[in-house]
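Worth knowing before you read on, the calculation uses all heavy atoms, side chains too, and leaves out hydrogens, waters and symmetry mates.
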Amino acid sequence: MRISTPILTIYILLLSNLSSETHSSDLISEICKKTPFYDLCMNSLNPLNPTEDIKAVASTMANLVLSNATDTLSFIQQLIKSGPDPELQKPLANCAELYIPVVRYNLPQAIGAFTRGKFGFASYLLSDARKQSQDCEKNFSGSNLSPLTQRNKLISNLCDVAVAILKLLQKG
């Protein structure tokens, strides 16, 4: 039986793609084992399948932090506009004030610093973003349950993972 060239080419491409995905998945797993939240790291990076380079993995994670922080800021702004419980207006406004500089300046600067090889500065900015998400959560007290708890926790944990990956890069 003779196999046509296009079918053979497709077969070879599929096999090589599976091999590189396995290798990339192995690298991601090894990196994620060195972070404080292995499952979060794996679940965040595996579907994206960044290249086999630790810099690409770190860049992907930093961009995930920015994406989630941007989404959280939009969510906060929607909650403010929809006018939930008047008791929540002030804590939500405070959270917006915390997230705006994180989304507009800190995280884009962290990604830029990372690109220039300034891993320490990028790590500092990501740590600051983590602190801002935690400070947002502290705005809610008493009977005012935070509608942002899960989002703030996710951003905080993603920042921890990104900082751990940057520390791996700093070590070389």
Inset, instruction - Look at the side chain of S59 and the backbone N and O of K55, then say whether any donor-acceptor pair between them is shorter than 3.5 Å. - result: no
Legend entry - Set of side-chain hydrogen bond (donor to acceptor under 3.5 Å, both in side chains) partners for K131, sequence neighbours left out: D135
Legend entry - Results of side-chain hydrogen bond (donor to acceptor under 3.5 Å, both in side chains) for N43 - residues two or more places apart only: none
Legend entry - salt bridge (Lys or Arg N to Asp or Glu O under 4.0 Å) contacts touching residues 92-115 (sequence neighbours left out): none
Inset, instruction - Please collect all salt bridge (Lys or Arg N to Asp or Glu O under 4.0 Å) contacts where either partner lies in residues 62-80, sequence neighbours excluded, each pair once. - result: D71-R151
Might you point out which heavy atoms bring [X] and [Y] nearest each other, and give the distance in Å?
{"X": "M42", "Y": "I28", "answer": "SD-CG2, 3.8 Å"}
{"X": "P147", "Y": "F75", "answer": "O-CE2, 3.8 Å"}
{"X": "T35", "Y": "C32", "answer": "OG1-O, 2.8 Å"}

With sequence neighbours left out, what residues match [X] under side-chain contact (heavy atoms from CB on, under 4.5 Å)?
{"X": "A96", "answer": "L73, I76, I80"}
{"X": "S67", "answer": "none"}
{"X": "S74", "answer": "none"}

Inset, instruction - Show the numbers, then the answer: is there a side-chain contact (heavy atoms from CB on, under 4.5 Å) between I31 and L45? - result: CA-CA 10 Å; I31 291 169; L45 294 172; 5.6 Å; no
Legend entry - Any donor-acceptor N or O pair under 3.5 Å, side chains S133, Y99: no
Using distance only, find each side-chain donor-acceptor pair of residues 153-172 under 3.5 Å and give its atom names and separation, not counting sequence neighbours.
| unit_1 | atom_1 | unit_2 | atom_2 | d |
| --- | --- | --- | --- | --- |
| S156 | OG | Q134 | NE2 | 3.3 |
| D160 | OD1 | R130 | NE | 2.6 |
| D160 | OD2 | R130 | NE | 3.2 |

Inset, instruction - For the residue pair F140 and T149, establish whether any side-chain heavy-atom pair is separated by less than 4.5 Å. - result: no
Legend entry - Residue pairs, two or more places apart or on separate chains, that pass ring-ring contact (aromatic ring centres under 6.0 Å, His included) and touch residues 100-138: F114-F119
